[in-house]
Amino acid sequence: MVREANKEDLKEILELYLCLHEDSIPEESDYLLSTWKQIIEDENHHLIVNEINGEIVSSCVCVIIPNLTRNVRPYAFVENVVTHTDFRGKGLASECLEYAKQMAQQRNCYKMMLLTGSKKKETLDFYTRAGYNSTDKTAFIQWLDM
């Protein structure tokens with residue numbers, strides 16, 4: 001079942017992110033809880049989860065960004081696409097991405113963007129099958145204080 005995360009989902013989402021690129025779960029702190037509250041309450045920040053038997057096994061983030069170009073239409077940015085290693089290859093992340101796409105269409109977004117750090121052919125092919133391409137734009141990243 002695909003849905004938006006709620007405030008009770010924090011622990012499970014942090015555990016799922018261990019399958020993304022995190023190597024540990026952050027300690028509970030006022031800063032962590034404040035950040036979580038900000039994410040959950042932001043009408044433009046959507047943390048989408050996919051559950052099997054009540055367990056969160058896949059997720060992505062979709063942020064709707066207000067915009068002054070393209071006839072004042074917003075755009076969507078997708079990030080942190082992840083599926084638990086035990087559940088990969090079952091279409092769960094595709095369902096999350098489709099949910100994000102429907103959300104972006106409902107908000108009148110004119111485009112969706114997604115970045116991946118992966119160079120794996122199967123990952124890049126997955127995003128292509130989901131409707132994304134790597135030919136229209138060139139992405140640049142500047143890491144800050146890493």
Please lay out, stage by stage, how Leu97 and Phe126 fare under the test side chain to side chain contact (heavy atoms under 4.5 Å, CB included).
CA-CA 11 Å; Leu97 290 176; Phe126 165 73; 3.7 Å; yes

With sequence neighbours left out, which residue pairs that include part of residues 61-70 fulfil the side chain to side chain donor-acceptor pair (under 3.5 Å) condition?
Asn67-Thr69

Under the rule for side chain to side chain donor-acceptor pair (under 3.5 Å), what residues qualify as partners of Lys37, not counting sequence neighbours?
Glu41

For the NE2 atom of His45 and the CD1 atom of Ile39, what is their distance to the nearest 0.5 Å?
4.5 Å

Tell me every residue that passes side-chain contact (heavy atoms from CB on, under 4.5 Å) with Asp86, counting only those two or more places apart in sequence or in another chain.
His84

I would like to know whether Val63 and Asp42 meet side chain to side chain contact (heavy atoms under 4.5 Å, CB included); could you show each step before the answer?
CA-CA 9 Å; Val63 180; Asp42 184 342; over 6 Å; no

Whichever hydrophobic residues join Tyr31 through chains of side-chain contacts under 4.5 Å:
none

Mind checking the CE-NZ spacing from Met113 to Lys137? Nearest 0.5 Å is all I need.
7.0 Å

Minimum heavy-atom distance between Thr83 and Arg88, given as atom pair plus value
O-NE, 2.8 Å

Do Thr116 and Val81 have side chains that get closer than 4.5 Å, going by heavy atoms?
no

Validation row: Leu32, Glu27 side chains within 4.5 angstrom (heavy atoms):
no

Sequence neighbours excluded - side chain to side chain donor-acceptor pair (under 3.5 Å) pairs with any residue from residues 13-26:
Lys11-Glu15

For Ala76, check side-chain contact (heavy atoms from CB on, under 4.5 Å) against everything at least two apart and list the hits.
Cys62, Ile64, Ala104, Cys109, Met112

Ile56 side, atom CD1; Leu14 side, atom CG - distance, nearest 0.5 Å:
10.0 Å

Contacts of Ser59 that satisfy side chain to side chain donor-acceptor pair (under 3.5 Å) - sequence neighbours left out:
none

The criterion is side chain to side chain donor-acceptor pair (under 3.5 Å); which residues satisfy it with Glu12, sequence neighbours excluded?
none

d(Met1 CE, Glu51 CD) to nearest 0.5 Å is 4.5 Å

Between SG of Cys96 and CD1 of Ile48, what distance do you get to the nearest 0.5 Å?
6.5 Å

What pairs with Asn6 under side-chain contact (heavy atoms from CB on, under 4.5 Å), at least two apart in sequence or on another chain?
Arg3, Glu8, Asp9

Quick check on the hydrophobic clustering: are Leu124 and Leu115 connected, directly or via other members, by side-chain heavy-atom contacts under 4.5 Å?
no

Quick test of your reading: applying side chain to side chain donor-acceptor pair (under 3.5 Å), list the pairs with at least one residue in residues 71-82, sequence neighbours left out, ordered by first then second residue.
Arg73-Asn108

Any chain of hydrophobic side-chain contacts (each under 4.5 Å) joining Val61 to Val49?
yes

To the nearest 0.5 Å, what is the distance between NZ (Lys90) and OG (Ser58)?
12.0 Å

Cluster membership besides Leu92, Ile/Leu/Val/Met/Phe/Trp/Tyr side chains within less than 4.5 angstrom, sorted by chain and number, is Ile52, Val57, Phe87

Hydrophobic cluster membership, Ile65 vs Leu47, 4.5 Å side-chain cutoff
yes

Within the supplied structure, the quantity of interest is the number of heavy atoms (other residues, nucleotides, ligands) at a distance under 6.0 Å from Asp30 CG; does it exceed 12?
no

Give me each pair satisfying salt bridge (charged side-chain N to carboxylate O under 4.0 Å, His left out) with a member in residues 99-125, each pair once, sequence neighbours excluded.
Lys121-Asp125

Does one hydrophobic cluster hold both Tyr110 and Phe77, with members joined at side-chain heavy-atom distances below 4.5 Å?
yes

Close side-chain approach of Ile13 and Trp36, heavy atoms under 4.5 Å:
yes

